[in-house]
Visitor: 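Please see the structure below; I have some questions.
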Protein chains: 2
Amino acid sequence: MENLKDRVTIYEVAKASGVSLATVSRVINNQGNVTEKTREKVQETIKKLGYKPSGLAQALATSKSTTIGVVIPSANYVYISCVLNGIAEVCKEKGYNLQLFSTSHSREDAIRVLEKVITSHVDGAIIFDDELDEEDVSQLNSYYVPTIVINNRVEGERVGCIVFGYEHNLRKIVADKLAKDSEKTPTFIHVHNCGRLLARTEKSFIEVCKQANREYAIFNCDDSSSRTYDDFMEYFKTHKQGYFVAYRDSIAGAIVNAATDSGLRVPEDVEVLSLIGTKYANITRPTLTSMNIDMVDVGRRAMYMLTDLAKNELEKKTYRIESVYVKRDSTKE
Amino acid sequence: MENLKDRVTIYEVAKASGVSLATVSRVINNQGNVTEKTREKVQETIKKLGYKPSGLAQALATSKSTTIGVVIPSANYVYISCVLNGIAEVCKEKGYNLQLFSTSHSREDAIRVLEKVITSHVDGAIIFDDELDEEDVSQLNSYYVPTIVINNRVEGERVGCIVFGYEHNLRKIVADKLAKDSEKTPTFIHVHNCGRLLARTEKSFIEVCKQANREYAIFNCDDSSSRTYDDFMEYFKTHKQGYFVAYRDSIAGAIVNAATDSGLRVPEDVEVLSLIGTKYANITRPTLTSMNIDMVDVGRRAMYMLTDLAKNELEKKTYRIESVYVKRDSTKE
DNA sequence: TTGTAAGCGTTATCAG
DNA sequence: CTGATAACGCTTACAA
């Protein structure tokens with residue numbers, strides 16, 4: 001693919017309007033020191049020739065790419081695209097370009113992606129990927145790329161992070177539940193390879209159960225709502241109750257549907273709590289009790305933090321967002 | 001933000017390993033004509049110095065950015081992020097970077113975004129945005145940017161497109177329905193400012209109704225499932241039946257839920273057809289009859305077409321994807 | 001096999 | 001206010 005050729009360059013604009021490169025440059029950058037007359041003349045030929053400056057050359061010359069890199073897992077989850085949307089919104093607002101890097105569920109790949117981020121010469125990066133740990137991020141950092149990490153506590157000179165407050169909240173909710181209900185088996189839905197947040201919440205869940213001296217179960221399932229549905233249709237043939245904690249709305253929704261479709265009552269027989277709530281929590285019937293974090297806002301905030309960080313004006317390098325428990329109809333309370 | 005400075009350059013690598021720039025360049029580009037010995041020596045200092053080539057400078061020197069630009073509306077719809085995911089997947093596979101541009105529901109803004117795409121010097125672009133028409137795209141084209149347009153029939157030398165086959169299918173389905181059912185009022189859900197696809201399907205819908213000599217209704221609603229739900233809770237106080245055609249799953253789901261929550265039976269009293277089906281069609285109860293197009297595949301295909309186009313090897317410049325009617329439980333048949 | 005030097009399209013620093 | 005000219009970091013003939 002060669003499309004940079006045959007384009008009008010600043011040089012041609014200069015020649016065509018009978019001025020020097022420097023003058024044209026001044027015009028396109030709206031700098032002073034240009035007569036109104038020459039400015040007009042130059043602008044006219046710019047329009048006539050259809051000249052557009054090369055962002056590449058500008059970036060090289062100024063050492064600023066005005067581009068930020070965003071690293072997200074390739075998984076197609078609603079909450080991820082919400083974060084991306086928030087980032088994109090602020091990028092646009094602030095005049096940054098956004099380069100998107102996606103990782104594929106392996107640390108190896110994630111590190112390769114990080115290398116790409118480095119060679120891409122972005123002015124900053126936002127990383128929302130569980131595979132990468134502090135060491136990897138500090139690598140980026142050593143190339144002077146200001147970085148905001150989402151959902152991972154990371155420290156460093158040019159690093160800030162946004163961490164989610166799920167565990168504390170979850171602990172409380174599950175403990176309350178166990179205290180009130182001694183019937184239902186507390187069950188955590190373990191989705192294979194689903195990252196740190198899941199691991200942390202799972203750990204919290206187990207601890208709470210142990211503290212309450214209660215039997216609990218871990219249910220392994222695929223990261224797919226339709227397969228989860230099938231699994232639970234099978235499961236509910238032999239199990240007639242349960243208190244389930246699921247990672248995302250689609251998984252939680254699959255369980256709720258499987259329960260209902262198996263003739264069980266939600267929330268009387270089966271209760272389901274969804275960890276990462278999205279707007280789909282309201283679409284299922286019954287609606288899903290979930291723990292909400294406004295992911296679009298997370299994206300926005302990350303971007304704001306990044307620009308502050310780049311200006312060395314970020315005071316609070318760690319920003320914690322608490323999840324909000326939203327009681328809906330898939331649980332008793 | 002200045003992060004390009006202070007980085008190790010090819011020049012320093014050359015000096016540190018006692019060779020010339022050219023040799024280092026050959027090494028990092030895996031070109032032949034380098035002794036194994038010097039290659040090793042260079043690679044060693046590269047590692048030692050932590051040198052990473054500047055993509056910017058490479059792009060400028062080679063006139064290839066190995067980046068493609070993707071233009072999508074900022075709306076946070078599942079089907080849009082599916083397309084993006086498909087594109088990202090193939091980008092990665094082919095070694096392209098992906099620059100993301102989002103537009104904000106106005107042609108004016110979309111055109112501004114297109115200018116950005118041009119200055120960004122991408123090697124190709126994929127446009128999935130209803131606001132832009134053929135003229136705008138040809139603008140891009142005149143800058144030698146190979147372009148694939150999704151959901152819009154566009155022609156041009158370096159342009160290809162993917163069009164969705166909805167209307168034909170929809171016509172047939174609605175006509176069948178009207179023939180069999182003379183009770184329910186056919187109603188099209190009009191979402192304000194929702195683009196060409198909606199407009200086209202709405203037109204088809206109206207034509208079919210007129211041909212069948214049937215009264216029909218257009219229901220205006222916001223592009224929000226929760227507000228649509230509220231609107232329909234109100235609506236179903238006075239209307240007790242209807243055959244609704246909705247744009248997306250969340251809108252359709254809102255109607256189904258409002259109907260059920262109002263004591264109406266779906267599909268006996270109220271039937272709902274969703275136009276752009278996603279995986280959420282299976283999550284609602286009853287499930288949503290919808291017209292499916294695999295949007296991830298659309299993204300992949302767009303990217304494949306783009307790389308072919310760039311090599312001038314794209315034969316079929318227009319690729320048509322037919323929607324697949326999936327009968328689920330929100331309609332009788 | 002290796003090095004020299006001329007670009008790539010800008011910006012930025014000086015003189016004038 | 002304007003114009004040379006040297007960067008920016010890399011690739012690539014062309015020479016050696």
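Just so it is clear: chains get the letters A, B, ... in the order the sequence lines come, proteins before strands, and each one is counted from 1.
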Visitor: In terms of heavy-atom contacts, does CD of B:Gln31 have more than 12 from other residues, nucleotides or ligands at under 6.0 Å?
Guide: yes
Visitor: Which angle, rounded to 10°, do you find between the first-five-pair axis and the last-five-pair axis of the helix from C:dT1-D:dA16 to C:dG16-D:dC1?
Guide: 40°
Visitor: Checking side-chain polar atoms at under 3.5 Å, does A:Asp133 have a donor or acceptor matched by the opposite partner on A:Asn152?
Guide: no
Visitor: Just the rounded figure in Å: distance from P of D:dT2 to NZ of A:Lys15.
Guide: 20 Å
Visitor: Whole angstroms only, please: what is the CG-P distance between A:Leu60 and C:dG7?
Guide: 17 Å
Visitor: Please check if any side-chain donor atom of B:His121 sits under 3.5 Å from a side-chain acceptor atom of A:Ser54, or the reverse.
Guide: yes
Visitor: OP1, OP2 of C:dT1 versus side-chain N and O of B:Thr23: anything below 4.0 Å?
Guide: no
Visitor: Generate the contact string for nucleotides 10-16 of chain C. Rules: B means base contact, S means sugar-phosphate contact only, - means no protein heavy atom under 4.0 Å.
Guide: BSB----
Visitor: Kindly say whether B:Leu21 contributes a backbone atom to a donor-acceptor pair with the side chain of B:Ser25 at under 3.5 angstrom?
Guide: no
Visitor: From NZ of B:Lys41 over to C1' of C:dT2, roughly how many Å is that when rounded to an integer?
Guide: 11 Å
Visitor: Is it true that the side chains of B:Lys94 and B:Thr66 contain a donor and an acceptor less than 3.5 Å apart?
Guide: no
Visitor: Can you tell me the distance, in whole Å, between the CG atom of A:Asn33 and the C1' atom of D:dG3?
Guide: 13 Å
Visitor: Using whole Å, report how far CD1 of B:Ile46 lies from P of D:dC10.
Guide: 10 Å
Visitor: Under 3.5 Å, is there a donor-acceptor pair linking the side chains of B:Ser65 and B:Asp123?
Guide: yes
Visitor: Going by salt bridge (charged side-chain N to carboxylate O under 4.0 Å, His left out), name the residues that satisfy it together with A:Glu157, two or more places apart in sequence or in a different chain.
Guide: none
Visitor: Can you check whether B:Glu155's main-chain N or O pairs, donor with acceptor, with B:Lys317's side chain at less than 3.5 Å?
Guide: no
